[in-house]
Amino acid sequence: MDLLDTLTAKGLRGEVPTREEALAVLATTDDELLDVVAAAGKVRRRWFGRRVKLNYLVNLKSGLCPEDCSYCSQRLGSKAEILKYTWLKPEQAADAARAGVAGGAKRVCLVASGRGPTDRDIDRVTDTMAAIKDADPEVEICVCLGLLSDNQAERLKAAGADAYNHNLNTSESTYGDIATTHTYADRVDTVQKAHGAGLSACSGLIAGMGESDEDLVDVVFALRELGSDSVPVNFLIPFEGTPLAQEWNLTPQRCLRILAMVRFVNPDTEVRIAGGREVHLRSMQPLGLHVANSIFLGDYLTSEGQAGQTDLDMIKDAGFEVEGAGEATLPRHRADIAAASGCGSTASGCGTSAAAPTASGCGSAASACGSGGGCGPCGGHGHAEPAPAAAVARDAAESTDGLRSDLVKVRRRGAGTELAPNA
């Protein structure tokens, strides 16, 4: 297929496709799906070998957000029966982080609901980062607190944060359809503030909100232009009690095409399968690993994820390996750019080869956090104790278009509860 040959050749050289080529990936048929995945897989292996970076979410403050993002279970007016609690104490957050690190997570993502942090909130997060680093000095920390004010990114950087997550979510032209309490420009400004302070920029999108192919391509190219080191790809979890509760638009095949398009546009950037992975990719999750090089381990912000051990088994069974704490994520040329601005992962002695990492820790890729809201992914599902009936997004019957809608389970474990996390 000429399109895939062209995209593969460009990706292996680290070049970006045209907008028309990106749109063509989304227009491929299910009969062509494995060819698309194979082509994207060659690009993924060129820059990241067979490594999978694990990230772990800690929800520092859950629910009661004043923003009206239509996709989010924590939004203003949400009726979703999620956990609601105020700030975790630093030692509580450190305990939660320890569970993820024990499961193999290289990066911990600290997320708090809300429009943006106060100076007191920055102090709280600073104390929390110190507690986590005391327990494990090598762990990477990504912070996700919403819109940043002047000098807050610098304070987080000085306190030891490695990255900041803030997602663009969708195209600029349609952003007003999903949120009215802030703008697309506000989000861009926060990503720029984080990058300018020397933090690795983690910014991604949400697919499945009723957007067009053009919207998806627009936001992915915008993320590339912003210099996002890490692109989380979220698949909408249509929580009951939110305005998008009926938006069950995705199939596993559609999700894989979206991931492939993101990979072709970002050949040498960390691409993470974030919220909604279990719900929408389902049994085809291992194919997603051939395109993306990063996932979240265990639970998400407000919903249950696949059991951590199941994630680890899936990675091993698919022929991949967990990226170690001593391995650089970004390819050398990307890491050099990040180092020049004081942000991102280190890459001492590492080349740009796609070969598996050596004992010296040479590797490739980028940063971390989630997405799903203004902060981290709200989506996911689980296999632990059943959620209450009111928390199940829809009944167990097949929806009219044949898409499954019975897999959303509100998180009832981990941080903010007395139950152990699903890590």
Side-chain angles (χ1 to χ4, degrees), residues 1-30 32-33 35-37 39-44 47 70-71 166-179 183-185 187-188 191 201-236 244 247 249-276 280-281 288 291-294 366 371-372:
M1 187 179 193
D2 290 342
L3 170 67
L4 296 180
D5 290 342
T6 298
L7 290 169
T8 300
K10 285 186 174 183
L12 295 178
R13 295 192 298 265
E15 297 176 6
V16 179
T18 66
R19 176 185 170 82
E20 291 70 27
E21 288 166 341
L23 284 168
V25 174
L26 297 178
T28 55
T29 67
D30 287 351
E32 299 166 311
L33 182 64
D35 294 328
V36 172
V37 171
K42 289 180 182 178
V43 177
R44 179 245 200 269
W47 302 106
S70 299
Y71 49 78
H166 198 65
N167 302 306
L168 297 188
N169 291 327
T170 192
S171 69
E172 182 175 13
S173 63
T174 59
Y175 195 84
D177 295 337
I178 64 168
T183 67
Y184 179 91
R187 288 186 171 271
V188 170
V191 176
C202 173
S203 188
L205 64 139
I206 307 173
M209 298 190 291
E211 70 283 335
S212 67
D213 286 359
E214 289 76 10
D215 290 323
L216 289 170
V217 170
D218 281 350
V219 69
V220 174
F221 272 87
L223 291 166
R224 179 77 187 185
E225 291 167 9
L226 266 179
S228 181
D229 296 321
S230 177
V231 179
V233 180
N234 296 275
F235 301 111
L236 177 72
L244 298 183
E247 293 287 343
N249 302 315
L250 297 170
T251 64
Q253 294 84 357
R254 170 73 169 169
C255 293
L256 288 170
R257 282 192 285 271
I258 292 169
L259 287 171
M261 184 271 288
V262 175
R263 169 56 70 204
F264 288 128
V265 177
N266 298 275
D268 54 358
T269 298
E270 179 183 352
V271 174
R272 183 176 320 106
I273 316 176
H280 294 296
L281 280 170
V291 180
N293 62 294
S294 179
S371 98

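Please read all numbers here as calculations on a predicted model, not as lab measurements. Positions are given from 1 along the sequence.
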(message) Test of understanding: with side chain to side chain contact (heavy atoms under 4.5 Å, CB included), list the residues that count as partners of T8, not counting sequence neighbours.
(response) L12, A39, K42
(request) Could you give me the CA-CA distance, side-chain angles and deciding distance for D218 and R19, then say whether side-chain contact (heavy atoms from CB on, under 4.5 Å) is met? (result) CA-CA 8 Å; D218 281 350; R19 176 185 170 82; 2.3 Å; yes
(message) Under a 3.5 Å distance rule, please check whether S230 uses its side chain to pair with a backbone N or O of C202 as donor and acceptor.
(response) no
(request) Examine the side chains of T170 and E211 and answer whether a donor and an acceptor come within less than 3.5 Å of each other. (result) no
(message) Are the side chains of V233 and I273 in contact, using a 4.5 Å heavy-atom criterion?
(response) no
(request) With the side chain counted from C-beta on, respond yes when T28 and L33 share a heavy-atom pair under 4.5 Å apart, and no when they do not. (result) no
(request) Kindly give the heavy-atom pair with the smallest separation between S171 and V219, and that separation in Å. (result) N-CB, 3.9 Å
(message) Applying salt bridge (charged side-chain N to carboxylate O under 4.0 Å, His left out) as the test, list every pair that has at least one member in residues 7-16; sequence neighbours left out.
(response) K10-E21, R13-E15
(message) Rounded to the nearest 0.5 Å, what separates atom CG in D215 from atom CG in D213?
(response) 9.0 Å
(message) Using the side chain to side chain contact (heavy atoms under 4.5 Å, CB included) definition, which of the options L7, V217, L23 pairs with P17?
(response) L7
(request) Would you confirm whether S228, through its side chain, and S203, through its main-chain N or O, come within 3.5 Å as a donor-acceptor pair? (result) yes
(request) Give a yes or no on whether the backbone of M209 and the side-chain of N249 come within a donor-acceptor separation of less than 3.5 Å. (result) no
(message) Could you work out, with side chain to side chain contact (heavy atoms under 4.5 Å, CB included) as the rule, every residue matching D30, not counting sequence neighbours?
(response) Q253, R257
(message) With rounding to the nearest 0.5 angstrom, report the CG to CG distance, L259 to L281.
(response) 6.5 Å
(request) Evaluate side-chain contact (heavy atoms from CB on, under 4.5 Å) for N167 paired with L205, printing each intermediate quantity in order. (result) CA-CA 6 Å; N167 302 306; L205 64 139; over 6 Å; no
(message) What's the separation between atom CD1 in I206 and atom CD in E247, rounded to the nearest 0.5 Å?
(response) 12.5 Å
(request) State which residues pass ring pair (Phe, Tyr, Trp, His ring centres under 6.0 Å) with Y184; sequence neighbours excluded, sorted by chain then number. (result) none
(request) Any chance you could measure L250, atom CG, to C255, atom SG, to the nearest 0.5 Å? (result) 4.5 Å
(message) Using 0.5 Å steps for rounding, measure from the OH atom of Y71 to the CG atom of N169.
(response) 4.0 Å
(message) Is there a side-chain contact (heavy atoms from CB on, under 4.5 Å) between T183 and Y175? Walk through the geometry before answering.
(response) CA-CA 7 Å; T183 67; Y175 195 84; 5.6 Å; no
(message) Which residues pass the side chain to side chain contact (heavy atoms under 4.5 Å, CB included) test with R224, not counting sequence neighbours?
(response) V16, V265, N266, P267, D268, T269, R334
(message) Show, in sequence, the C-alpha distance, side-chain angles and deciding distance for L168 and V188, and conclude whether the side-chain contact (heavy atoms from CB on, under 4.5 Å) test is met.
(response) CA-CA 7 Å; L168 297 188; V188 170; 3.9 Å; yes
(request) Kindly give the heavy-atom pair with the smallest separation between G11 and W47, and that separation in Å. (result) O-NE1, 2.9 Å
(message) Run the side chain to side chain contact (heavy atoms under 4.5 Å, CB included) test against A40 and tell me which residues pass, sequence neighbours left out.
(response) A260, R263, F264, V291
